[in-house]
Amino acid sequence: MSAHTISSWRELDEAISDTNWCCHENHVHSTLVFRGLARATYRNITSLARLTGDYPTLERHLIRNFRKYAHRHSPGPSTWDWLALAQHHGLPTRLLDWTFSPFVALHFATASALDEPAVLWAVDCAAAHSRLPAPLQDALDREGALVFTTEMLARHTPQLTDLDALSQDEDPFVVFFEPPSLDDRIINQSAILSAISDPTCQMEDWLDEHPGYWRAWEIPPDVKAEVRERLDQANITERVLLPGLDGLAAWLRRYYSPERAAQDTLGGGASMTHGPA
């Protein structure tokens with residue numbers, strides 16, 4: 001999959017702002033969702049697929065047992081609520097994490113591996129949803145919504161098998177949905193999740209089949225440092241996106257890391273002016 005290589009923060013900001021290629025019909029706000037990867041070599045495949053082998057058969061066992069042992073933390077009544085909670089806590093699922101905010105996605109693209117190029121993905125979820133089966137398209141149209149809620153999905157596809165059944169004899173489709181507000185982390189990250197109606201179909205392959213629905217920008221290491229500095233100045237940091245002591249520790253670890261210090265010494269990035277002394 002091809003990505004345009006960015007040469008500066010300004011170029012990246014202008015590229016993100018250019019939405020002429022998107023599907024704006026009937027939508028007041030942006031129809032884009034974003035995903036940032038710290039290494040351009042990373043693939044857009046699910047944590048479930050990373051199990052390898054006959055991973056699709058493991059999906060129902062993982063979800064069933066997660067619900068059984070995590071019942072005291074019930075996020076809501078539906079399978080989709082449980083899937084969101086499971087993804088949030090690292091269970092292998094067919095879901096991928098996205099965000100409405102390009103700056104949140106850029107945080108995850110630039111918070112690590114500063115000596116390697118990163119990549120920022122943008123997908124027009126309105127265009128992606130134009131390929132939904134009629135029952136799901138009608139549900140979005142009735143609500144006047146850009147993405148689904150877990151309640152809306154549960155109404156039409158109570159189980160993952162119901163989602164998969166809608167694409168039988170047809171190409172797989174993608175749904176984007178908002179997880180329930182399980183904690184401040186999900187809220188602050190403007191989190192969105194995607195699911196494909198076939199666990200063996202990966203997002204990178206689906207996007208390859210629909211080249212007009214997405215853009216990707218590769219961010220070289222020197223530009224990565226510049227973007228990171230801009231985000232830190234704007235307070236797009238672990239302290240905000242990962243509220244609590246874990247996020248605070250992650251921010252301080254990155255701020256004082258030898259990797260960061262070496263880059264500043266070499267002129268790869270200026271020191272943060274609002275950080276700790």
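Only a predicted model underlies this, so the values are computations on that prediction, with no experimental measurement involved.
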Hey, could you give me the [atom1]/[atom2] distance between [X] and [Y], rounded to the nearest 0.5 Å?
X: D162; Y: L153; atom1: CG; atom2: CG; value: 11.0 Å
X: E226; Y: S7; atom1: CD; atom2: OG; value: 9.0 Å
X: E178; Y: L193; atom1: CD; atom2: CG; value: 9.5 Å

Would you call [X] and [Y] a side-chain contact if the rule is heavy atoms closer than 4.5 Å?
X: F108; Y: D97; answer: no
X: F177; Y: L95; answer: yes
X: F148; Y: T157; answer: no
X: I192; Y: V147; answer: yes
X: P172; Y: T200; answer: no
X: L163; Y: W80; answer: yes
X: R185; Y: P243; answer: yes

Using distance alone, with no hydrogens and no angle criterion, decide if D164 and T161 have a side-chain donor and acceptor under 3.5 Å apart.
no
Residue pair T93 / Q87, side-chain donor-acceptor N/O under 3.5 Å:
yes
Testing the basics here: between [X] and [Y], what is the closest heavy-atom pair and its distance to 0.1 Å?
X: Q202; Y: A49; result: NE2-CB, 3.4 Å
X: R228; Y: I236; result: NH2-O, 2.8 Å
X: P221; Y: L114; result: CB-O, 3.4 Å

Run the ring-centre check on W206 versus H210 and record whether the distance is less than 6.0 Å.
yes
Tell me whether [X] contacts the main-chain N or O of [Y] through its side chain, where contact means a donor paired with an acceptor under 3.5 Å.
X: D138; Y: P135; result: no
X: R94; Y: I196; result: yes
X: N65; Y: H61; result: yes
X: D124; Y: C22; result: no
X: T79; Y: Q159; result: no

Given the rule in the side-chain contact (heavy atoms from CB on, under 4.5 Å) test, do D232 and T237 qualify, once you have shown the distances and angles that lead to the verdict?
CA-CA 6 Å; D232 285 333; T237 69; 3.5 Å; yes
Would you kindly check if the NZ (Lys) or CZ (Arg) of R239 is within the cone defined by 45 degrees around the ring axis of W251 and under 6.0 Å from the six-membered ring centre?
yes
Mind running side-chain contact (heavy atoms from CB on, under 4.5 Å) on H4 and E11 for me, showing each step along the way?
CA-CA 11 Å; H4 175 72; E11 183 185 355; 2.9 Å; yes
Do the rings of F176 and W98 sit parallel, tilted or perpendicular, given the 30° and 60° boundaries?
perpendicular
